[in-house]
Amino acid sequence: MDANIVVMGTESVGKSALTVRLLTRRFIGEYGDIESIYSHSFMVDERRTTLNIWDSPCSEDLSVETSLFEKKVQWADGFVLVYSICDRASFNAVSRLIQTIKSTKDYLNADKAPIVVVGNKRDLHHRRTVLSEEGRLLALNTGCHFCEVSAAENYHSVLMMFHGLVGRIKGAKLTTKRPLGFKGIVKSMSAVFARRRTDSF
Ligand SMILES: Nc1nc2c(ncn2[C@@H]2O[C@H](COP(=O)(O)OP(=O)(O)OP(=O)(O)O)[C@@H](O)[C@H]2O)c(=O)[nH]1
């Protein structure tokens with residue numbers, strides 16, 4: 001089975017750290033600002049499952065990124081929406097992201113892709129500004145799942161978070177969804193890089 005997962009959230013919440021933790025088991029501290037799709041295979045019930053993970057640098061500017069955003073929603077079988085427990089603005093952004101994802105045409109037309117709300121940087125509990133209960137309540141009220149993790153300190157909880165999402169994707173039988181395809185992904189990513197280059201002049 002193939003499962004496409006989009007990781008979203010505001011700047012510096014640890015989207016790349018979570019993705020790299022899953023892929024390499026390591027926390028390397030600093031991560032580039034690159035839009036990337038990674039693949040990761042593992043065995044579940046003696047069957048190979050491949051995760052394709054789309055990690056975006058920052059997905060909050062929806063007005064600029066609308067068409068790319070819609071492509072992501074179309075491509076995704078599941079979403080990981082990340083905030084930092086030390087950054088309330090990032091939590092509010094996840095709340096808005098849930099509404100935006102759920103109101104897009106592709107999300108409504110397809111079987112609803114599972115969403116997991118992830119509070120990252122749990123190791124920084126002394127700087128916490130978002131309570132666990134708030135994350136749990138947000139997930140409960142919006143039909144999402146919730147967990148808190150630390151990409152810096154704990155590989156196992158990150159692994160469980162991704163694997164739990166895959167289980168729900170399987171349950172939702174989303175494999176019938178029409179994929180964006182490799183060419184579509186390359187095209188949409190080229191558009192992002194082209195725009196960034198233009199923006200920098
Ligand atoms: N203490 C702590 N720091 C973390 C954790 N996860 C990520 N970081 C740090 O937070 C910073 C941002 O991490 P990234 O993974 O680059 O965050 P991002 O969301 O991909 O950021 P953008 O690419 O800018 O959108 C880095 O300095 C990481 O080392 C965590 O669980 N605990």
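Both backbone and side-chain heavy atoms feed into the values below; hydrogens, waters and symmetry mates do not. Computed from a predicted structure; not experimentally measured. Whatever order the structure lists ligands and atoms in, that order sets their numbers, starting from 1.
Judged by distance alone, with hydrogens and angles left aside, the side-chain atoms of Arg88 form a donor-acceptor pair with the main-chain N or O of Thr129 at under 3.5 Å. Lys15 places a side-chain N or O within 3.5 Å of a backbone atom of Gly9 that can act as its donor or acceptor partner. At least one donor-acceptor pair closer than 3.5 Å links the side chain of Lys102 to the backbone N or O of Thr142.
Comparing heavy-atom distances from atom 12 (C) of ligand 1 across Ser90, Ser12, Ser16 singles out Ser12 as nearest.
In Arg47, the CZ atom is not crowded: 12 or fewer heavy atoms of neighbouring residues, nucleotides or ligands sit closer than 6.0 Å. Within 6.0 Å of CZ in Arg25 there are 12 or fewer heavy atoms belonging to other residues, nucleotides or ligands.
No salt bridge links Lys121 with Glu148; every basic N to acidic carboxylate O contact stays at or beyond 4.0 Å. Electrostatic pairing of Glu153 and Arg21 does not count as a salt bridge here, judged by no charged N lying under 4.0 Å from a carboxylate O.
Among the atoms of Gly14, some N or O lies under 3.5 angstrom from an N or O of ligand 1. Ligand 1 has no N or O atom lying under 3.5 Å from any N or O atom of Asp55, backbone or side chain.
Residue contacts with ligand 1 for Asn120 involve side-chain atoms from C-beta outward but no N, CA, C or O (heavy atoms, distance under 4.0 Å).
Taking every non-hydrogen atom of Asp123 and a distance limit under 4.0 Å, the qualifying atoms of ligand 1 come out as 1 (N), 2 (C), 30 (C), 31 (O), 32 (N). Residue-ligand proximity, Ala151 to ligand 1, at heavy-atom distances under 4.0 Å covers atoms 6 (N), 31 (O). Close approach of ligand 1 to Ala17 is summarised as follows: ligand atoms under 4.0 Å from at least one heavy atom of the residue are 6 (N), 7 (C), 15 (O). Of all atoms in ligand 1, listed by their number and element, those nearer than 4.0 Å to a heavy atom of Glu11 are 24 (O), 25 (O). Close approach to Leu124 involves these atoms of ligand 1, each under 4.0 Å from a residue heavy atom: 1 (N). Atoms of ligand 1 found under 4.0 Å from any heavy atom of Lys15 (numbered from 1 in listed order, with element): 15 (O), 17 (O), 18 (P), 19 (O), 20 (O), 21 (O), 22 (P), 25 (O). Shown in contact with Ser150 at under 4.0 Å from a heavy atom are these atoms of ligand 1, numbered in order with element: 31 (O).
The closest approach between any non-hydrogen atom of Gly9 and ligand 1 is not below 4.0 Å.
Below 30°, between 30° and 60°, or above 60°: for Tyr83 and Phe146 the angle between ring planes is below 30°, a parallel geometry.
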